Structure formats: C-alpha cells, structure tokens
Amino acid sequence: MAIGKISVLGCGNIGLAIAKGLVFSKLLPASDIICTKRDPSSLSHLKEQGYIITSSNADAVKDSNIVIVAVTPAQLNTLLSEIKAELTPKHILISVVSGASISAIKSRIEKDDVPIIRAMPNTAIACGESMTCLAQEGKHDSKHVENSPIDIAKQIFDCMGTSVVVSEEQIVPATALCACGIAFFCRAIRAAAQGGIEIGFHAQDAIKMAAQTAKGAATLLLENKNHPEFEVDKVTTPMGCTIAGLNKMEHQGFSSAMIHGIVTSAEKAALLYSNKKEKE
C-alpha cells in the first residue's frame, strides 16, 4: 500500500498517539509524517526522532496525501478554514473529531470531491493496540472496494490495532465505548489494584498484577470468541470466593455504573461539536 505522506493536524494527546502509532507499526518512517501544533516547540522531541514539525496546517496538507484531523471540536471550524484551499480530490481527509459529521465538514471545506472518513481510535494506538471505528458517508456497507478511501483508512488503522467499519450514526457511541473506554478500563484496573493493596500487595506490584490480569481476560475473549459470562463461569464455583466477590461488586452497582458511564459519555459526545456551532 503506497500512501505517501500523512499529516496529523493537531498533535494533542490523540494526534500524538496516532503519529507515534504510525511509526511504531512500521507503516511509515517518521520522515513521512507531518505533525502540526500551534506551538511547534512542544513537539521538539518528535523532531529529534525524524518527524516533520510545523505550525502551518495549510503547508502540511499541501505536502501530504492523507490528512488526519485531530484537533478539538472547538478548533475544527478554524482549522478547516485554514486548509480548505489546499484540499484536492487526491487527498483523503480522516477526522477523529468527536461529534463532527461528514456533512458538517463538507459544508465547511465547500468541496464535494474530497473523500472524508470519520475515525474514532483510542490512545492505545500509540502502542499498536487501538480499537478504531471507521465510517464513510452514505449507507453503511461492510463490503468496500479495494483501495477506496475507506479501504485505505482501514489498512492504515489495522496497522495500529483493530478496526471495524460502522455506520456514521455509530461513531458517537463508538467514542464512548472505545475512546472513553480506555479511561473506564484504566479506572477499573486502578480499583482492582487498590483492592490488591488493601489485601497486602505493594502498589506497583498490585498495578502490574491487575493490568496483566485484565489483559489476560481480554485476550481470552478475543482469542476464544466467547461471551464474557462463559469465562466467568469457568472461574466461579459453588460457594467459592470468586462468586462471593462478584455478587458483592454487583450489589454495589459495578455493572450498572459502567453502563451508565458509557451512556452518559455517548450523550455528551453527541453534543460536543454542535454546542460549539451554537456559540458561533
């Protein structure tokens, strides 16, 4: 897959993670990745690693084939105004901006011939373990043409974890489940580690043990393709310590809290860009 240079516009947390993931996955050398930020001096460590660093979003677009927009919803409209003159049909614009629809982006760049893909990765992309959801405009079709914009986007993000193509309407829920999910699962691991400390382990040991156990649980589900309760049943025994602990957690609202958190984040994500537009 020859994709040429990729520009990452807005190297905050997720933009930086994507830039690092592109190199970590060996998809591209650092010299083929253009990173932008209003204060490029904060990216000096990337420049030392061979990345191209600039404060000019327009120049970055001009010198790349794939444009990944990773700014905040509040910054999106200004950025699109900066780059729209440089966008051509040869570009593929991939937006990871929460809440901004493809039609809204199209109306801002005032061009119908620039392919636009929405992507929702998570920060695990930096180490090649992202769960990324992708969407294109129009009716969702799981079958897509080879080397089409959505296919190229999938090839890129598959190099940095796992990706699935969903309908555009599902991108906002994906934000809550996959992107916010990193924080949710880290908090669950932290809670497990705190429990470990209370029963006698040192903090660093408890965190390592909890994180590896979580990784093992996730691997069991992904490799065996079983329902989570199938693996739960293999660990629980009548009158055993596992079921006693699980029941105590459920009585305290463990599952309900996770469900409510994901739903609340999805509702908030749906409003991020629309709230910005209303204030203009």
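Source: prediction; values computed, not measured.
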Ile53 side, atom CD1; Lys37 side, atom NZ - distance, nearest 0.5 Å: 10.0 Å
Is Asp233 close to Thr236 at the side-chain level, that is, under 4.5 Å between some pair of heavy atoms? yes
Using side-chain heavy atoms (C-beta onward) and a distance below 4.5 Å, is Met120 in contact with Val172? no
Verify same cluster id: Ile94, Leu28 (apolar side-chain graph, 4.5 Å): yes
Stepwise side chain to side chain donor-acceptor pair (under 3.5 Å) test for Ser103 and Glu137: CA-CA 8 Å; Ser103 61; Glu137 191 173 37; 5.6 Å; no
Within the structure provided, determine whether Leu221 and Pro228 are in side-chain contact (heavy-atom separation under 4.5 Å). yes
State whether the side chain of Thr36 and the backbone N or O of Ser56 hold a donor-acceptor pair below 3.5 Å, judged by distance alone. no
So, does Thr88 use its side chain to make a donor-acceptor pair with the main chain of Lys90 at under 3.5 Å? yes
Validation row: Asn224, Phe230 side chains within 4.5 angstrom (heavy atoms): no
About how many Å separate CE of Met160 and CD1 of Ile125, when rounded to the nearest 0.5 Å? 3.5 Å
To the closest 0.5 Å, what do you measure between CG (Leu79) and CG (Asn57)? 4.5 Å
Whether over 12 other heavy atoms sit under 6.0 Å from Lys106 NZ: yes
Quick check for you: to the nearest 0.5 Å, what is the distance between Asp151 atom CG and Ile117 atom CD1? 10.0 Å
Out of curiosity, Phe157 CZ to Ile152 CD1, how far, rounded to the nearest 0.5 Å? 12.5 Å
Would you confirm whether Ser44, through its side chain, and Ser41, through its main-chain N or O, come within 3.5 Å as a donor-acceptor pair? yes
I need the minimum non-hydrogen distance between Pro115 and Asp113, along with the two atoms involved. CD-O, 3.5 Å
Are Ile18 and Phe24 joined in one hydrophobic group, where the rule is that I, L, V, M, F, W and Y side chains link up if heavy atoms are under 4.5 Å apart? no
Looking only at heavy atoms, the pair that brings Phe184 and Ala176 closest together is CE1-O, 3.5 Å
In terms of heavy-atom contacts, Ile83 and Ala58 come closest through CG2-N, 4.1 Å
Determine whether Val71 and Ile116 fall in the same hydrophobic cluster, where Ile, Leu, Val, Met, Phe, Trp and Tyr are linked whenever their side-chain heavy atoms lie under 4.5 Å apart. yes
Separation between CG of Asp32 and CD1 of Ile52, rounded to the nearest 0.5 Å: 7.0 Å
Verify, without hydrogens or angle tests, whether Arg118 (side chain) and Ala100 (backbone) share a donor-acceptor contact under 3.5 angstrom. yes
Verdict with supporting geometry, Asn147 and Gln155, side chain to side chain contact (heavy atoms under 4.5 Å, CB included): CA-CA 9 Å; Asn147 291 325; Gln155 290 179 59; 3.8 Å; yes
Ser81 (side chain) donor-acceptor with Asn77 (main chain) under 3.5 angstrom: yes
Less than 4.5 Å apart, any side-chain heavy atom of Ile262 and any of Cys180? no
Nearest non-hydrogen partners of Gln49 and Ala30, listed with the distance: O-CB, 3.5 Å
So, do Pro121 and Ile14 sit near enough that their side-chain heavy atoms are less than 4.5 Å apart? yes
Minimal non-hydrogen separation, Ala60 against Leu9, with atom names: CB-CD2, 3.8 Å
Step through the shown structure and confirm whether more than 12 heavy atoms of other residues, nucleotides or ligands are within 6.0 Å of CG on Asp39. yes
Between Ser64 and Ile6, what is the shortest heavy-atom contact and its length? CB-C, 4.1 Å
Compare all side-chain heavy atoms of Leu87 with those of Val61 and state whether any distance is below 4.5 angstrom. yes
Could you walk me through whether Leu220 and Asn226 pass the side chain to side chain contact (heavy atoms under 4.5 Å, CB included) test, one step at a time? CA-CA 8 Å; Leu220 281 171; Asn226 289 326; over 6 Å; no
Same hydrophobic cluster for Ile3 and Leu134, using side-chain heavy-atom links shorter than 4.5 Å among ILVMFWY? yes
Without swapping roles, check the side chain of Tyr51 against the backbone of Leu43 for a donor-acceptor pair under 3.5 Å. no
Side-chain (Glu168) to main-chain (Ile102) donor-acceptor, under 3.5 angstrom: yes
For the pair His227 (side chain) and Glu229 (backbone), establish whether a donor and an acceptor sit closer than 3.5 Å, ignoring hydrogens and angles. yes
May I have the step-by-step check of side chain to side chain contact (heavy atoms under 4.5 Å, CB included) for Leu16 and His45, ending in yes or no? CA-CA 11 Å; Leu16 191 59; His45 62 293; 4.3 Å; yes
Checking Thr219 against Lys215 for the side chain to side chain contact (heavy atoms under 4.5 Å, CB included) test, could you report, in this order, the C-alpha distance in whole Å, the side-chain angles of both residues, the deciding distance, and whether it holds? CA-CA 6 Å; Thr219 302; Lys215 182 180 179 181; 4.2 Å; yes
Are the side chains of Gln170 and Cys133 in contact, using a 4.5 Å heavy-atom criterion? no
What residues form a salt bridge (Lys or Arg N to Asp or Glu O under 4.0 Å) with Lys208, not counting sequence neighbours? none
Count I, L, V, M, F, W, Y as connected when their side-chain heavy atoms are under 4.5 Å apart, and connections chain through other members. Are Ile34 and Ile156 then in the same cluster? no
